[in-house]
There are 2 protein chains.
Amino acid sequence: MDSGCRKENVAVDKRVREAGLRPTRQRIALADLLFAKGDRHLSAEELHEEAVAAGVPVSLATVYNALHQFTQAGLLRILAVEGSKTYFDTNTSDHHHFYVEGENRIFDIASGPVGVSNLPEPPEGMEIANVDIVVRLRPKRRD
Amino acid sequence: MDSGCRKENVAVDKRVREAGLRPTRQRIALADLLFAKGDRHLSAEELHEEAVAAGVPVSLATVYNALHQFTQAGLLRILAVEGSKTYFDTNTSDHHHFYVEGENRIFDIASGPVGVSNLPEPPEGMEIANVDIVVRLRPKRRD
DNA sequence: CTGTGTGCAAACTCTTTGCATAAGT
DNA sequence: ACTTATGCAAAGAGTTTGCACACAG
């Protein structure tokens with residue numbers, strides 16, 4: 001069951017290559033899972049499971065390696081959320097998230113006109129790399 | 001060398017008691033370190049070191065317990081930052097942070113008129129618990 | 001062929017847990 | 001006295017590392 005994957009693989013191959021990484025079978029498979037399906041947030045373990053489920057028996061260590069390499073290459077961002085696991089975001093532009101307390105669930109905020117007003121000046125010698133907004137959600141208690 | 005600590009201890013004792021916790025020596029000492037010095041962000045290990053340095057030989061496990069109990073009681077917040085350590089914030093109101101990449105350093109943003117415009121509506125059955133803004137800083141490269 | 005990437009398992013870090021002892025009311 | 005908290009050390013989760021083998025150029 002490969003139908004429809006060829007084209008992505010080619011594009012992804014290029015993307016990986018341009019990041020200065022060898023387009024190995026594993027990296028391409030991972031990049032394909034990451035980037036072919038729109039914006040996603042996932043942990044190393046989740047990506048690993050997906051890869052295995054997709055018939056690419058990559059090791060967890062390799063998943064970690066790839067995620068960090070992609071991050072360094074600017075293809076991914078690390079999400080700032082509480083909790084023990086590290087989440088990676090395939091959308092590297094300024095955009096924002098809902099975070100569901102107690103469930104470690106993360107949504108993208110439909111990237112409308114949400115914005116920050118009166119951004120403060122960064123301290124001397126520093127510049128703003130990006131701005132993350134996390135809107136923390138609680139289940140609404142019905143009354 | 002106890003000078004000046006009495007008063008805080010009394011206030012802190014009350015605070016701990018009102019959180020529904022027994023004001024034990026350790027909890028009071030930790031609460032005192034946390035709340036007597038203005039807004040702070042620190043990890044369990046940092047607080048533990050401070051406590052030991054302050055002559056209160058509390059165990060790390062107790063520090064973790066106390067931090068979580070205080071958090072549940074609404075006296076602390078858990079900070080959403082990347083990295084393996086959990087940071088706790090003594091300021092539980094909506095306010096925002098600078099985060100220095102690669103150093104795991106966190107500043108409060110001088111809480112001026114920074115604000116979010118066009119906050120999105122939360123999904124069905126959810127309500128907004130709070131909003132965190134993290135401004136990620138990179139060292140400015142001099143050219 | 002040469003060098004980089006992968007896989008495995010062990011090591012490491014941060015955090016949590018269980019149980020005997022100590023402290024608070 | 002009775003109950004709850006503390007401390008220790010061991011367990012647990014997530015992540016990283018080292019080294020032999022495999023694959024890409």
Side-chain angles (χ1 to χ4, degrees), chain A residues 9-10 12-33 41-49 51-52 54-73 75-76 78-88 102 104 106, chain B residues 9-10 12-33 41-49 51-52 54-73 76 78-88 102 104:
Chain A
N9 279 342
V10 173
V12 157
D13 178 295
K14 194 181 163 202
R15 201 160 184 178
V16 169
R17 186 170 264 123
E18 281 171 359
L21 299 167
R22 278 197 191 170
T24 63
R25 198 169 283 112
Q26 291 86 339
R27 293 211 266 236
I28 291 183
L30 295 174
D32 193 41
L33 287 169
H41 337 94
L42 58 183
S43 66
E45 222 173 315
E46 285 165 6
L47 180 57
H48 180 239
E49 280 174 26
V52 171
V56 187
V58 66
S59 81
L60 188 54
T62 297
V63 173
Y64 276 105
N65 286 339
L67 285 170
H68 286 135
Q69 290 153 353
F70 292 167
T71 300
Q72 265 196 308
L75 273 49
L76 294 176
I78 293 179
L79 275 183
V81 289
E82 64 181 73
S84 45
K85 289 183 197 162
T86 302
Y87 281 84
F88 295 82
N104 255 41
I106 303 161
Chain B
N9 279 341
V10 173
V12 158
D13 178 296
K14 193 181 164 200
R15 200 160 185 178
V16 170
R17 185 169 265 124
E18 281 171 359
L21 299 167
R22 278 196 190 169
T24 63
R25 199 168 282 111
Q26 291 86 337
R27 292 211 265 236
I28 292 182
L30 294 174
D32 193 41
L33 288 168
H41 336 95
L42 59 183
S43 68
E45 221 174 316
E46 285 166 5
L47 180 57
H48 180 239
E49 279 175 26
V52 171
V56 186
V58 65
S59 81
L60 187 54
T62 297
V63 173
Y64 276 105
N65 285 339
L67 285 171
H68 286 134
Q69 290 153 352
F70 292 167
T71 300
Q72 265 197 307
L76 294 176
I78 293 178
L79 275 182
V81 288
E82 66 182 70
S84 45
K85 289 182 198 164
T86 302
Y87 280 83
F88 295 82
N104 255 41

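Proteins come first, then strands; the chains are lettered A, B, ... in the order of their sequence lines, and each starts at number 1. Model, not experiment: these values are computed from the prediction.
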Which letter, B, S or -, goes with each nucleotide of nucleotides 16-25 of chain D from 5' to 3', with contact meaning a protein heavy atom under 4.0 Å? BB------BS
Without decimals, in angstroms, what is the distance between [X] [atom1] and [N] [atom2]?
X	N	atom1	atom2	result
Lys85(A)	dG12(D)	NZ	P	17 Å
Gln69(B)	dT15(C)	CD	P	16 Å
Glu82(B)	dC14(C)	CD	C1'	16 Å
Leu67(B)	dA5(D)	CG	P	15 Å
Phe88(B)	dC14(C)	CZ	C1'	12 Å
Arg27(A)	dG7(C)	CZ	P	11 Å
Leu21(A)	dG3(C)	CG	C1'	15 Å
Glu46(B)	dT13(C)	CD	C1'	15 Å

Sugar-phosphate, base or nothing in reach of Thr86(B), heavy atoms under 4.0 Å: sugar-phosphate
At less than 4.0 Å, is any side-chain N or O atom of Gln26(B) found next to OP1 or OP2 of dA23(C)? Yes or no. no
Minimum side-chain heavy-atom gap Phe88(B)-Ile78(B) below 4.5 Å: yes
Report yes if some heavy atom in the side chain of His48(A) is under 4.5 Å from a heavy atom in the side chain of Val52(A); otherwise report no. yes
Measure across Glu45(B) and Lys85(B) and return the closest heavy-atom pair with its distance rounded to 0.1 Å. OE1-CE, 4.4 Å
Over all atoms of both residues, closest heavy-atom pair of Thr62(B) and Leu30(B): O-CD1, 4.4 Å
First locate atom CG of Asp13(B), then atom OG1 of Thr24(B), and finally report the distance between them rounded to the nearest 0.5 Å. 10.0 Å
Point-to-point distance, once rounded to the nearest 0.5 Å, from CG of Asn65(A) to CG of Leu21(A): 10.5 Å
